Amino acid sequence: MWLVIATLCAFFVKGLCGFANTLVFTSILAFTTDNINISPVELVLGYPSNVIVAWKERRHIDWKICLPLSALVIGGSLPGILLLKNADVRLVKIVFGFVVVAIGVEMLLREYAKITFKESKAVLALIGVLSGVLCGLYGIGALLAAYVSRVTGNSSSFKANICIVFLIENTFRIIAYGMTGIITPETLKNAVLLLPAMLFGLFLGMKSSAVLQEATVKKVVIMALILSGVALVINNF
């Protein structure tokens with residue numbers, strides 16, 4: 001039941017905002033399940049959602065944004081994957097809690113500040129590598145979203161470009177997870193069973209984005225993620 005609830009919530013947010021599905025999915029399940037059993041399920045389950053959103057917004061894809069970021073994210077994924085395979089479970093949850101809080105606070109401040117930033121190669125490189133580590137370890141692309149939101153002009157452009165980066169990174173990570181034994185037959189079974197819930201949540205999110213105020217929904221999601229991160233840190237100390 002928790003898997004179904006997490007899937008519906010995560011992919012509703014994905015359809016609405018274009019990202020944060022991994023943060024929502026992992027935040028809900030991390031209280032009862034180890035990250036090494038969460039990340040591969042969400043990865044396999046989320047792959048078709050990126051295909052769907054990217055195809056829907058395909059006219060807004062800018063390869064000058066997607067390709068450099070994808071290369072940096074893949075480079076950073078390697079140490080993240082090794083950490084996921086070998087790290088202490090309790091420590092992973094504590095670090096994940098701090099990561100969620102930090103990302104949530106940054107996103108919330110940016111929502112209220114409405115500050116625009118010029119594109120910086122140094123910032124691009126830093127965010128790309130750090131995003132890769134977080135993607136390899138937790139599947140989190142929120143740092144990447146923080147950058148893409150600064151260099152795209154509207155919601156459709158943001159969704160198109162970030163989902164292309166996710167698709168490239170996800171393809172690499174599926175291969176790497178398979179080679180390291182992180183993806184198992186049980187992972188694939190769970191992903192297939194949850195596919196209807198993913199499609200339903202994604203469909204609702206995409207439809208809702210046309211009638212709901214996206215900024216308001218994003219702020220609610222951000223606050224929920226911050227509270228989840230705080231709870232994870234407290235529960236695992």
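Quick caveat: nothing in here was measured; it's all calculated off a predicted structure.
- Judged by distance alone, with hydrogens and angles left aside, the side-chain atoms of S208 form no donor-acceptor pair with the main-chain N or O of G205 at under 3.5 Å.
- Atom CD in E42 sits 8.0 Å away from atom CG in N170 (nearest 0.5 Å).
- Criterion: ILVMFWY side-chain heavy atoms under 4.5 Å apart, direct or through other members. Under it, M198 and V192 are not part of a common hydrophobic cluster.
- Considering all non-hydrogen atoms of both residues, I168 and S70 come closest at CD1-OG, 3.3 Å.
- Side-chain atoms of L108 and V105, non-hydrogen and from C-beta on, never get closer than 4.5 Å to each other.
- Nearest heavy atoms, P48 versus L195: CG-CD1, 4.3 Å.
- Linking ILVMFWY residues whenever their side-chain heavy atoms come closer than 4.5 Å, directly or via other members, leaves I183 and L193 in distinct clusters.
- In this structure, N21 and V13 have side chains that are not in contact, with every pair of non-hydrogen atoms separated by 4.5 Å or more.
- Of the residues listed (S157, C163, C66), the one engaging I61 in a side chain to side chain contact (heavy atoms under 4.5 Å, CB included) is C66, and it is the only one.
- At a threshold of 4.5 Å between side-chain heavy atoms, the hydrophobic network of Ile, Leu, Val, Met, Phe, Trp and Tyr places I234 and L29 in one connected group.
- Membership of the apolar cluster around I175 extends to M179, as traced through chained side-chain contacts below 4.5 Å between ILVMFWY residues.
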- Stepwise ring-ring contact (aromatic ring centres under 6.0 Å, His included) test for F19 and F166: CA-CA 9 Å; F19 76 106; F166 284 153; 8.0 Å; no
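- Note that the CG atom of L199 and the CG atom of L194 stand 11.0 Å from one another [nearest 0.5 Å].
- Note on F25 and F203: separate hydrophobic clusters, where clusters join Ile, Leu, Val, Met, Phe, Trp and Tyr whose side-chain heavy atoms are under 4.5 Å apart, directly or indirectly.
- Looking at heavy atoms from C-beta onward, F172 lies out of side-chain contact with V73 at the 4.5 angstrom threshold.
- Atom CG of N161 is separated from atom CG of L67 by 10.0 Å, given to the nearest 0.5 angstrom.
- Partner of Y47 under the side chain to side chain contact (heavy atoms under 4.5 Å, CB included) criterion, out of V51, V44, L45, L43: V51 alone.
- Taking OG1 of T33 as the start and CD1 of I28 as the end, the distance is 11.5 Å to the nearest 0.5 Å.
- Here I65 contributes atom CD1 and F158 contributes atom CZ; the two are 11.0 Å apart, rounded to the nearest 0.5 Å.
- For residues 4-16, the side chain to side chain donor-acceptor pair (under 3.5 Å) pairs, not counting sequence neighbours, are K14-N50.
- Closest of all the heavy-atom pairs between A197 and V4 is CB-CG1, 4.4 Å.
- Taking CD1 of I182 as the reference point, atom CZ of R173 lies at 9.5 Å (rounded to 0.5 Å).
- The hydrophobic clustering, which links ILVMFWY residues whose side-chain heavy atoms are closer than 4.5 Å, places I5 and F200 together.
- With contacts defined as side-chain heavy-atom distances shorter than 4.5 Å, the pair M206/I52 qualifies.
- By the 4.5 Å heavy-atom criterion applied to side chains, I94 and F98 are counted as neighbours.
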